[in-house]
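Whatever order the structure lists them in is the order used to number ligands and atoms, beginning at 1.
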Amino acid sequence: MNLHSDHPFRVGLTGGIASGKSTVADHFAALGVPVIDTDVIAREVVEPGQPALKDIAEAFGNGVITDSGALDRAALRELIFAVDDARKLLEAILHPIIREETVRQANNAGGDYQVIVVPLLTESPLKLFVDRVLVVDCDKETQLRRLMSRDGETQESAERILSAQSSREERLEIADDVIKNQGELNELAKQVAEMHEQYQALARAHRQGF
Ligand code: ATP
């Protein structure tokens with residue numbers, strides 16, 4: 001669903017943690033498609049001098065800011081772990097700023113079509129901003145394996161991370177298209193190339209008002 005018609009066709013790219021979103025996004029970028037990544041934006045908006053950092057310091061105190069003026073992620077993580085509702089407050093501060101910046105970057109990015117990476121798209125109002133949803137899908141065991149090998153998580157912590165996210169079924173429910181990422185990495189490039197063809201055609205139709 002979208003609320004405008006005078007913008008490049010927008011594909012929302014989502015998937016569970018370690019499903020392969022960044023890898024898929026890199027393939028689109030290599031084909032010349034503008035990629036806007038909300039995880040990257042989430043890091044940019046808390047850089048020193050950004051208003052979001054000031055809001056966080058006001059809400060959580062200067063203990064979450066390092067001597068050099070950067071966000072002390074470890075201190076913030078500890079606070080979120082220790083204090084009820086601290087995560088909700090942090091999200092209430094950050095999410096609107098991230099969404100606004102995402103919309104701004106998308107509006108400036110051009111392209112026939114754009115890929116907008118939103119890990120938690122099932123829960124995000126950005127669902128309304130994209131014209132189409134592409135889900136990178138793999139089974140839970142594969143996610144667990146990648147979390148343990150990439151991030152050094154234990155089986156238990158990896159399972160905890162997965163259970164805090166939307167389920168595979170919830171993601172697939174909002175999918176228009178699905179890229180399966182369970183096999184070899186080189187199978188991914190082929191699937192992205194096929195999607196690229198499809199999205200170029202959809203973008204043409206979108207420009208013509210269909
Ligand atoms: P996150 O949710 O943490 O941002 P992500 O969904 O962006 O992760 P990637 O970072 O692309 O996922 O991939 C997770 C890890 O799994 C990376 O180390 C990546 O190299 C590896 N990986 C992704 N796809 C495959 C594959 N098909 N075969 C083997 N390894 C893969």
Side-chain angles (χ1 to χ4, degrees), residues 10-47 71 73-74 76-77 80-81 87 90-91 94-95 97-99 101-102 105-106 109 114-127 129-130 132-196 199:
R10 301 182 188 122
V11 177
L13 173 61
T14 193
I17 189 163
S19 57
K21 297 178 293 298
S22 304
T23 314
V24 168
D26 287 348
H27 283 299
F28 278 108
L31 293 167
V33 179
V35 172
I36 295 119
D37 187 332
T38 56
D39 265 355
V40 174
I41 291 174
R43 285 194 294 275
E44 287 170 358
V45 300
V46 295
E47 275 172 7
L71 181 64
R73 289 176 186 278
L76 187 60
R77 241 192 327 269
I80 282 172
F81 193 65
R87 176 184 294 279
L90 180 66
E91 289 176 352
L94 281 180
H95 284 184
I97 295 174
I98 295 169
R99 283 200 297 273
E101 180 61 13
T102 302
Q105 289 193 14
Q114 316 175 324
V115 168
I116 303 178
V117 187
V118 189
L120 304 179
L121 189 62
T122 50
E123 306 152 32
S124 169
L126 286 171
K127 268 205 302 280
F129 184 65
V130 298
R132 187 128 183 135
V133 175
L134 171 59
V135 171
V136 184
D137 179 60
C138 65
D139 64 27
K140 195 176 149 196
E141 287 63 38
T142 306
Q143 278 179 290
L144 289 173
R145 197 160 14 83
R146 288 187 193 146
L147 276 173
M148 289 189 278
S149 76
R150 183 191 63 178
D151 301 342
E153 300 290 350
T154 61
Q155 172 99 19
E156 196 192 1
S157 62
E159 288 198 8
R160 209 173 32 240
I161 293 168
L162 286 199
S163 63
Q165 291 203 325
S166 301
S167 67
R168 186 179 185 189
E169 290 69 32
E170 283 167 320
R171 280 188 295 274
L172 289 173
E173 210 161 277
I174 65 161
D176 296 296
D177 308 303
V178 177
I179 286 187
K180 290 251 168 237
N181 184 28
Q182 221 142 282
E184 296 296 318
L185 272 171
N186 60 13
E187 288 171 25
L188 218 48
K190 193 168 152 272
Q191 292 186 73
V192 173
E194 282 166 12
M195 285 295 161
H196 183 57
Y199 291 150

Quiz item: Does S19 have a non-hydrogen atom less than 4.0 Å from ligand 1?
Solution: yes
Practice problem: Return yes if a side-chain donor-acceptor contact under 3.5 Å exists between Q191 and E187, otherwise no. | Solution: no
Self-check item: Heavy atom of the protein closest to atom 4 (O) of ligand 1 (residue, atom name, distance)
Solution: D39 OD2, 4.1 Å
Exercise. Go through ligand 1 atom by atom and flag the ones less than 4.0 Å from a non-hydrogen atom of I17.
Key: 2 (O), 3 (O)
Self-check item: Check ion pair E47-R43 (N to O, under 4.0 angstrom)
Solution: no
Exercise. Apply ring-ring contact (aromatic ring centres under 6.0 Å, His included) to Y199 and list each qualifying residue two or more places apart in sequence or on a separate chain.
Key: Y113
Exercise. Provide, to 0.1 Å, the distance between atom 12 (O) of ligand 1 and the closest protein heavy atom, together with that atom's residue and name.
Key: G20 N, 3.1 Å
Quiz prompt | Distance from atom 31 (C) of ligand 1 to nearest protein heavy atom, with residue and atom | solution = R146 NE, 3.6 Å
Exercise. Report the nearest protein non-hydrogen atom to atom 27 (N) of ligand 1: residue, atom name, distance rounded to 0.1 Å.
Key: N181 OD1, 2.7 Å
Quiz item: Any side-chain heavy atom of S124 within less than 4.5 Å of one from H95?
Solution: no
Self-check item: Under 4.0 Å to a heavy atom of G16 - the qualifying atoms of ligand 1, by number
Solution: 6 (O)
Quiz item: How far is atom 5 (P) of ligand 1 from its nearest protein heavy atom, and which residue and atom is that?
Solution: K21 N, 3.4 Å
Quiz item: Hey, does C138 sit under 4.0 Å from ligand 1 if you only count heavy atoms?
Solution: no
Self-check item: Protein contact to atom 10 (O) of ligand 1 [nearest heavy atom, distance to 0.1 Å]
Solution: R150 NH1, 3.1 Å
Practice problem: Report the residues that fulfil side-chain hydrogen bond (donor to acceptor under 3.5 Å, both in side chains) with E153, sequence neighbours left out, ordered by chain and then residue number. | Solution: S157
Quiz prompt | Donor + acceptor pair across side chains of T142, D139 (<3.5 Å) | solution = yes
Practice problem: Identify the protein heavy atom lying closest to atom 19 (C) of ligand 1, giving its residue, its atom name and the separation to 0.1 Å. | Solution: T23 OG1, 4.2 Å
Exercise. Determine whether the side chains of S19 and Q143 contain a donor N or O and an acceptor N or O closer than 3.5 Å.
Key: no
Quiz prompt | Charged N-O contact under 4.0 Å between D137 and R171 | solution = no
Exercise. Around atom 1 (P) of ligand 1, find the nearest protein heavy atom and jot down its residue, atom name and distance.
Key: A18 N, 3.6 Å
Quiz item: Hey, does G183 sit under 4.0 Å from ligand 1 if you only count heavy atoms?
Solution: yes
Quiz item: Is the number of heavy atoms from other residues, nucleotides or ligands under 6.0 Å of E141 CD greater than 12?
Solution: yes
